[in-house]
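Pasting a structure here, questions to come.
Protein chains get the first letters and strands the later ones, always in sequence-line order, with residue 1 at the start of each.
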Amino acid sequence: MAQQGTKIKRTKSTKAVKIVSYTVIALFSLICLLPFILIISASLSTEGVIAKEGFGILPKGLTLSAYMWVFRYPKMIIGSYVVTILMTVFGTIVGLLIISMTGYALQRKDFPFRNAISFFIYFTTLFSAGMAPTFIWISRYLNLRGSYLAVFLQLLMSPWLIILMKNFAKSVPFEITESGKIDGAGDFKIFISLILPMLKPALATVGLFLALGYWNEWYLSSLYLGSQVDFKPLQYYLYGIINEANALKGSVAGVNVTFSDLPSNTLKMATAVVATGPIIFLYPFVQKYFISGITVGAVKG
Amino acid sequence: MRKKNVIRRIAAVTLCAAMAAQTMIPALAEENVFEGIDTSDHEVITMLVLGNKPTNGRLEAMLEELNAVLTEKVNAELDLFYIEWTDWQTQYNVQLLSGDSRVDIITTATDWLYAWENTQKGAFLPLSEDMLKTYAPKTWAQVDADGDWDVCKYNDEIYFIPEDHYTQYTNHGMFYRGDWAKEAGLEDGTITKYEDLTDYFAWILENKPDCIPFDANKNTGNIITGYLTSKTDNVIISGVNVGNDEFWFGMSPDDPFTVTSPYMEGDALYDAADLMKEWNDMGVWREDVMNYDGDTREAMYAGTSGADQHHSQTYYSQVKPNMDVKQEGSDVKMYYWGMENNNVSKPLRTHGAAAINSYSEHPERALMVYDLLRNDETCYRLINYGIEGVDYIVTEDGKLDYPEGYDTSRDALDSNFWCGRNDDLELQNVSWWDGTADMIANYDSFAYDYPYEALIIDKNAIEAEMAAMANVLSEYLPQLRWGKFEDPHAAIDEMREKLMAAGYEDVKASIQADMDAYKESLETAE
Amino acid sequence: MKKNKTGAAAAAAPKKPFLKKLKDSRTLLLMCLPAILFFIVFNYCPLPGVYIAFTNYNFRDGIFGSPFVGFKNFEFLIRSGELWHLTRNTVLYNLAFIVIGNVLQIALAIMLNEIGSKLFKKVSQTLMFLPYFISVVLIGAIAFNILNYDTGALNSLIRATGGNPIKIYSQAGIWPFIILFCNLWQQTGYGSVVYFASICGIDSSMIEAAEVDGATSWQRIRYIILPSLKPTFIILLLFALGGIMKGNFGLFWNLIGNNSQLYSTTNIIETFVYRTMMSQNNFATSSAVGLYQSIFGFALVMFSNWLVKRIDPDYALF
């Protein structure tokens with residue numbers, strides 16, 4: 001009897017936890033989704049209605065004209081796409097390699113300099129030179145202003161990602177490194193052939209952070225690239241469109257249009273959808289690897 | 001300031017019939033003034049201009065043709081470097097901070113592009129007379145003949161070349177619709193004093209439900225300065241802004257050498273703030289004007305805004321011709337600040353100027369290129385108007401027009417050469433309002449000469465205090481000018497107190513000292 | 001020597017001569033080299049530049065040639081209380097972000113772990129992640145379109161239901177909540193991934209054992225999952241503390257811009273620095289604030305690390 005009682009209690013409690021979980025997650029997901037619906041519906045609305053009534057959940061006066069504007073002269077946005085994709089892909093790969101190497105080395109208990117180096121890296125989050133000195137250094141002395149490299153390099157890694165990686169690597173049992181050593185493999189060989197495959201969940205996590213860092217970048221671009229490059233990274237391009245009515249005109253230059261015909265509100269939103277959309281559609285595919293990477297994780301020891 | 005590009009977007013700027021008579025410098029164009037200068041190395045000269053980088057290919061086509069000419073004449077080519085309008089102040093400052101040696105010629109101005117500050121900070125190369133005479137001889141001769149080098153000197157050295165031979169009025173004011181003003185009961189449909197605007201706005205609110213009386217956005221200029229100009233005799237001292245705001249004034253055109261600030265002294269600011277609050281409460285502009293970023297000039301063209309704020313050249317080159325077409329019969333007019341008390345100063349000769357980057361690797365060649373752009377008819381037309389027959393045509397009576405099917409919004413050249421335009425070579429633009437000459441003649445009849453062109457304030461001693469004041473102003477002024485304070489008088493008192501604490505008196509004394517020295521130098525010069 | 005491993009190695013290490021240590025660990029050192037170089041070039045090299053905060057900076061003379069003015073650039077900031085005001089805003093915002101953010105992230109990660117339906121898990125996780133794909137640039141625009149007085153979605157709704165619209169962009173008091181909301185909205189899904197990964201990393205035999213012993217879901221969460229998240233939490237916390245004087249500049253800038261009505265509650269150190277640079281061309285003052293930010297943040301972290309070390313040295317960062 002008593003045992004049955006606990007069992008009922010247990011299922012009750014478990015059920016309650018489940019119900020709460022489902023409700024909260026569902027609600028939160030909806031809140032996350034809402035602004036997207038607003039943007040998409042705005043991009044499909046007619047300009048006049050939007051200017052008067054603002055955004056709504058459903059498009060007001062369904063039209064595709066804003067998208068037609070975006071794609072009538074797609075050179076700039078396509079160029080931005082290419083730049084951003086290249087930066088994201090290469091930045092993530094190179095960044096991941098360096099971060100994982102460092103993270104692995106820093107958690108090796110037989111590495112005498114691990115604390116010194118860890119502190120050396122962590123210190124940079126505590127004490128930074130600030131905007132103006134950093135800017136002067138990078139543009140005047142490294143001469144990187146106007147080069148995509150200025151943005152690419154600065155986003156390559158962060159102390160936070162290295163320490164995160166270090167902690168993931170900690171959970172890989174030291175015996176694996178030992179067994180490699182017994183086989184006579186060097187540290188680098190051990191890292192590449194034994195450790196790296198076991199770090200999959202960590203690589204997925206850190207890689208996603210890196211990739212998003214590149215994808216969402218606009219601020220460094222505004223400081224270091226300005227108008228000096230032919231194609232601005234996507235989010236910086238979007239920043240210009242959203243903040244400056246003239247940039248919008250620039251984006252459709254080459255199209256025969258008198259400005260007052262230009263659907264500026266809806267065009268902004270359509271540009272936003274086009275600039276954000278594809279990476280979102282990509283996510284479910286990444287997620288498949290991402291989630292399985294995490295759950296398959298060889299962290300069980 | 002942002003809207004500058006809109007006006008100037010029409011690269012084909014030209015002035016009034018009065019100027020049309022003297023269209024060309026004869027003969028001079030043919031002789032080679034650069035004889036004997038070694039130009040054996042081919043060099044690329046980069047010029048910094050403001051504006052959005054065009055993407056329609058017209059600029060590249062023009063540059064190709066221009067560079068052929070430049071290569072032949074001085075073995076150099078020109079490249080343009082754009083500071084775009086998005087966050088342009090940041091972009092401009094940051095560009096100078098970067099010490100980029102690729103840029104050779106920098107567009108600057110003493111009133112809106114911090115020319116003196118940047119001179120003092122060492123961003124520009126001092127230009128010796130010899131250098132100018134050798135490498136920019138025609139420019140030298142013209143500026144010298146007009147006696148304008150003095151307005152570009154700091155510590156007796158010339159730091160930039162003024163765009164002093166180009167007529168434009170850049171005094172600000174409000175554009176409004178004459179047809180509506182008439183219906184609103186204003187005499188002749190004309191606004192003659194600041195308060196009249198209230199009646200005009202009120203009429204729109206009542207009769208035009210789809211129209212915002214004065215649709216402004218976060219970049220719209222400070223209309224309180226307009227009020228202060230119209231209601232006091234104080235003269236704005238341009239280029240000694242505190243932060244981004246014009247703050248320092250001279251007492252009056254008759255007593256220009258006493259420094260004051262209506263923001264600190266007198267009651268005009270209280271009245272201005274009350275009026276702004278009244279307007280804000282009426283709903284003259286959007287409630288969220290400080291975050292709004294829509295294109296308000298387009299709104300006026302579309303009939304959804306009853307007024308717009310900018311300067312005279314915008315009015316006669318852009319707004320008037322556009323409104324005549326897009327809102328037929330709107331009879332758009334301009335109420336300029338200082339109309340009721342004739343407090344209008346003649347244009348500043350350094351509203352546009354060219355400086356050479358102190359990091360430039362080939363300043364001599366840069367000057368040579370500049371000299372050609374400014375004085376050689378072929379180069380001038382290319383950089384300003386583009387390729388003849390494609391970007392512009394010259395009518396039989398020698399005016400500038402556009403070819404069939406040309407659309408400014410699509411085909412604009414956007415070369416934005418605003419640091420060396422020249423009335424001698426300007427073509428009168430047929431698209432401009434035909435009353436332009438009268439308007440300018442009217443200004444010329446009563447406007448006083450701007451008294452402070454060669455005044456330089458030494459900011460070194462007061463930098464920290466100015467920064468502190470700017471910090472206070474950046475918080476209070478925008479709210480005052482959009483009428484956002486519940487109790488504007490209390491807010492003003494608070495602001496004045498804080499400005500005092502920030503060191504107002506010290507800064508004022510320091511500026512007054514510079515002013516006294518300046519006054520003395522003028523007197524000895526006479 | 002080769003046999004000296006794990007704990008023994010660490011204990012024995014100090015006795016080894018430096019050069020020998022260098023030689024033994026050269027591969028590991030080489031593996032760290034790119035990162036070390038990176039931080040030298042991008043973080044350490046600009047450091048001497050903080051001297052700019054004590055100068056009256058000019059382009060010609062550069063940072064070290066410009067005239068030295070001592071603490072002049074700091075003077076007014078301190079005297080006017082501006083520095084205190086900025087510090088308070090920055091720290092309070094970050095504390096709210098850290099505390100509420102982490103609690104939410106942990107809660108979401110645990111709930112996500114409780115969900116059995118694979119499809120539901122997948123879809124909801126995707127949705128929760130969505131906000132992070134939106135750049136702050138767009139968040140500013142969306143917020144304006146929802147919140148503005150004349151045409152905003154929120155006020156349209158209020159008007160439609162007969163209420164009085166709210167002037168959100170002139171009420172400084174509301175903005176801390178809006179900013180907090182935006183920050184949580186954007187970061188929570190993303191942040192919970194780290195915790196979720198940690199939960200997935202828990203030895204499943206432990207959980208199975210607990211189930212056999214008759215533990216309820218709640219007990220499982222309380223006694224197994226939560227404790228196992230502690231190390232992750234502490235590391236995240238210390239990192240967040242390191243950045244407590246910094247801020248999510250992009251979010252604040254894109255939401256507020258130059259709307260000075262809202263400065264009293266929304267001006268943080270980084271927006272102040274940016275505005276000072278932008279509107280005043282004043283690099284020295286902005287750097288003075290930056291330097292203060294670094295020093296204050298540094299002291300704060302040293303203190304918290306010292307505290308953590310006293311409580312449980314395992315979790316200390318260094």
**OP:** Could you tell me which portion of B:L477 (side chain, backbone, both or neither) has an atom closer than 4.5 angstrom to a non-hydrogen atom of chain C?
**Re:** neither
Original post:
Side chains of C:N148 and B:E287: donor-acceptor distance under 3.5 Å anywhere?
Top reply: no
Subject >> C:Y57 portion near chain B, given a 4.5 angstrom heavy-atom threshold >> reply: both
Subject >> Short N-O contact, C:K72 and B:E465, less than 4.0 angstrom >> reply: yes
**OP:** Determine the minimum heavy-atom distance between B:A123 and C:F59, stating which atoms define it.
**Re:** CB-CD1, 3.3 Å
Original post:
Going through the checks in order, is the side chain to side chain contact (heavy atoms under 4.5 Å, CB included) test met by C:D150 and B:W285?
Top reply: CA-CA 10 Å; C:D150 296 295; B:W285 42 70; over 6 Å; no
**OP:** Select one option (side chain, backbone, both, neither) describing which atoms of C:I256 are under 4.5 Å from chain B's heavy atoms.
**Re:** backbone
Subject >> Whether B:D288 side chain and C:Y149 backbone form a donor-acceptor pair below 3.5 Å >> reply: yes
Original post:
Does atom CD of C:Q171 have more than 12 heavy-atom neighbours from other groups under 6.0 Å away?
Top reply: yes
**OP:** Measure across B:N291 and C:L255 and return the closest heavy-atom pair with its distance rounded to 0.1 Å.
**Re:** ND2-O, 3.5 Å
**OP:** Under 4.5 Å, counting heavy-atom pairs only, tell me which of B:W482, B:Y476, B:F485, B:Y292 racks up the most with chain C.
**Re:** B:Y292
**OP:** With a 4.5 angstrom heavy-atom cut-off, could you sort out which part of B:T119 is near chain C: side chain, backbone, both or neither?
**Re:** backbone
Subject >> Residue part contacting chain C, namely of B:V472, when any heavy atom lies under 4.5 Å >> reply: side chain
Original post:
Can you check side chain to side chain donor-acceptor pair (under 3.5 Å) on B:N471 and C:E82, steps first, answer last?
Top reply: CA-CA 9 Å; B:N471 186 31; C:E82 190 68 49; 3.2 Å; yes
**OP:** Looking only at non-hydrogen atoms, find the nearest pair between C:F283 and B:N93 and report the distance.
**Re:** CZ-O, 3.9 Å
Subject >> Residues B:M290, C:S260; criterion side chain to side chain contact (heavy atoms under 4.5 Å, CB included); working and verdict >> reply: CA-CA 8 Å; B:M290 291 163 84; C:S260 63; 3.6 Å; yes
Original post:
Which answer fits C:N56, side chain, backbone, both or neither, if we ask what part of it has an atom under 4.5 Å from a heavy atom of chain B?
Top reply: side chain
**OP:** Could you tell me the separation between the OG atom of B:S474 and the CG atom of C:N267, rounded to the nearest 0.5 Å?
**Re:** 8.0 Å
Original post:
So which part of B:F124 gets closer than 4.5 Å to some heavy atom of chain C, the side chain, the backbone, both or neither?
Top reply: neither
**OP:** State the CG-NZ distance between C:N258 and B:K218, to the nearest 0.5 angstrom.
**Re:** 8.0 Å
Original post:
Can you tell me how far CD of B:Q479 sits from OG of C:S170, rounded to the nearest 0.5 angstrom?
Top reply: 9.0 Å
Original post:
Is the CZ atom of C:F64 crowded by more than 12 outside heavy atoms at less than 6.0 Å?
Top reply: yes
